Novice: 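Quick one: structure below, then a few questions.
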Amino acid sequence: MKGFTKQHDLLCGLKDGIPIALGYLAVSFSLGIAMKNAGMNAAEGFFFSLFNLASAGEYAALQVIAADGAYLEIAIVTLVANARYLLMSTALSQKFSGKTALIHRFFVGYGITDELFGLGIAQSGALSPWYYYGALSISALFWAIGSSGGIIAGNILPARIVRALSVALFGMFLAIIIPPCRKDRAVLAVVLSGFALSWLCDLIPAISISSGTKTIILTVLIAAAASVIAPHEESAGEDA
């Protein structure tokens with residue numbers, strides 16, 4: 001994206017961000033049901049999603065909030081769940097022109113999601129921050145609106161329907177993990193280990209820890225073990 005005005009880049013980003021925004025609206029609606037169950041109102045859910053922009057990170061934080069966890073637990077579990085964005089931001093920074101101001105890099109860093117990252121990386125030539133702002137603004141807005149909508153619906157709809165809608169969020173996570181599990185046995189082993197160890201932590205009375213602490217410990221331990229036992233092929237090739 002180069003050789004165009006800021007307004008043109010912004011409008012192009014808005015246009016390309018519409019499909020992402022519509023997808024976010026549906027997913028965040030289900031997340032809003034979880035927010036309602038955690039005791040949030042529509043305004044709180046709106047800003048919670050607007051300032052986070054991370055489905056997995058938000059869901060992990062909601063589990064700690066619902067369990068009356070400490071602020072430190074919420075901060076750590078969110079950091080662990082969203083750690084991949086540190087790597088994404090490093091990669092995306094290479095798409096900008098060397099003349100791109102630090103302030104633009106700072107604001108783009110606020111909104112690095114899986115989908116927006118893919119959209120930015122896919123652009124030919126240097127990435128215009130104004131293009132990214134366009135895609136980010138509409139996506140973030142719809143993500144926050146969807147969360148509020150889910151909370152409002154949760155307060156209006158019968159409890160039986162709300163419980164049914166709560167399952168939709170788990171369906172989203174299954175849709176995320178099943179394709180890579182089918183392609184890579186190492187990923188499948190990591191997922192199954194996570195399920196098994198989480199179940200054991202709840203089953204064994206001696207392991208009495210909060211859900212937030214359990215998520216943090218299991219995420220770090222399983223990820224570390226997987227990186228040693230089944231390192232990425234490119235990393236293994238570089239070390240050889």
Side-chain angles (χ1 to χ4, degrees), residues 23-86 88 109-115 139-177 191 194-195 197-205 207-223:
Y24 282 179
L25 186 66
V27 173
S28 61
F29 184 88
S30 299
L31 189 65
I33 299 295
M35 292 179 181
K36 184 264 179 186
N37 294 335
M40 288 188 176
N41 59 41
E44 291 170 340
F46 181 90
F47 288 107
F48 184 82
S49 281
L50 187 65
F51 293 146
N52 282 277
L53 294 181
S55 57
E58 287 183 41
Y59 183 75
L62 284 172
Q63 301 311 299
V64 182
I65 293 172
D68 293 325
Y71 289 129
L72 181 59
E73 272 190 328
I74 297 173
I76 295 176
V77 75
T78 305
L79 176 63
V80 172
N82 295 335
R84 69 186 187 279
Y85 296 128
L86 297 174
M88 289 184 183
Y110 147 74
I112 296 180
T113 67
D114 298 338
E115 296 77 15
S139 299
L141 179 61
F142 273 53
W143 178 255
I145 290 174
S147 298
S148 290
I151 295 174
I152 294 172
N155 290 325
I156 297 175
L157 296 174
R160 182 171 56 183
I161 297 179
V162 172
R163 287 194 296 270
L165 288 173
S166 299
V167 179
L169 194 62
F170 295 99
M172 179 197 72
F173 286 117
L174 287 175
I176 292 173
I177 64 175
V191 171
F195 288 156
L197 291 175
S198 180
W199 176 70
L200 285 175
C201 286
D202 291 334
L203 185 65
I204 301 175
I207 307 178
S208 179
I209 56 178
S210 67
S211 61
T213 302
K214 178 181 70 175
T215 302
I216 295 169
I217 294 174
L218 291 181
T219 301
V220 173
L221 289 180
I222 295 173

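Being a predicted model, the structure only gives us computed values, none of them experimental.
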Novice: Please test Val77 against Gln63 for side-chain contact (heavy atoms from CB on, under 4.5 Å), starting from the C-alpha separation and ending with a verdict.
Specialist: CA-CA 10 Å; Val77 75; Gln63 301 311 299; over 6 Å; no

Novice: Is the side chain of Asn41 donor-acceptor paired with the backbone N or O of Ala43 at a distance under 3.5 Å, no angle test?
Specialist: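 Yes, because the side chain of Asn41 sits within donor-acceptor range (under 3.5 Å) of the backbone of Ala43.
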
Novice: Take Thr113 and Trp143 through the test side-chain contact (heavy atoms from CB on, under 4.5 Å) and record every step on the way to the result.
Specialist: CA-CA 11 Å; Thr113 67; Trp143 178 255; over 6 Å; no

Novice: Between Ser148, Ser147, Ser55, which is the residue that forms a side-chain hydrogen bond (donor to acceptor under 3.5 Å, both in side chains) with Ser49?
Specialist: Ser147

Novice: Is any side-chain heavy atom of Glu58 less than 4.5 Å from a side-chain heavy atom of Met35?
Specialist: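 Result yes, sub-4.5 Å side-chain heavy-atom pair found.
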
Novice: Minimum heavy-atom separation for Asn82 to Ala54, with atom names?
Specialist: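 Looks like OD1-CB, 3.4 Å.
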
Novice: Testing the basics here: between Leu53 and Gly111, what is the closest heavy-atom pair and its distance to 0.1 Å?
Specialist: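 That would be CD1-CA, 3.9 Å.
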
Novice: Minimum heavy-atom separation for Ile74 and Ala61, please, with both atom names.
Specialist: CG2-CB, 4.1 Å

Novice: What's the separation between atom CD1 in Ile151 and atom CZ in Phe48, rounded to the nearest 0.5 Å?
Specialist: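 With rounding to 0.5 Å, CD1 (Ile151) is 9.5 Å from CZ (Phe48).
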
Novice: Start with the C-alpha distance between Leu31 and Leu62, add both sets of side-chain angles, then the distance that settles side-chain contact (heavy atoms from CB on, under 4.5 Å), and finish with yes or no.
Specialist: CA-CA 9 Å; Leu31 189 65; Leu62 284 172; 4.0 Å; yes

Novice: So, for Ala42 and Ile152, which heavy atoms are closest and what is the spacing to 0.1 Å?
Specialist: CB-CG1, 3.8 Å

Novice: I would like to know whether Leu25 and Phe29 meet side-chain contact (heavy atoms from CB on, under 4.5 Å); could you show each step before the answer?
Specialist: CA-CA 6 Å; Leu25 186 66; Phe29 184 88; over 6 Å; no

Novice: For Ala144, is there any backbone N or O sitting under 3.5 Å from a side-chain donor or acceptor partner on Ser28?
Specialist: no

Novice: Out of curiosity, Asn52 CG to Tyr59 OH, how far, rounded to the nearest 0.5 Å?
Specialist: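 Answer for the CG-OH pair, Asn52 versus Tyr59, is 15.5 Å.
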
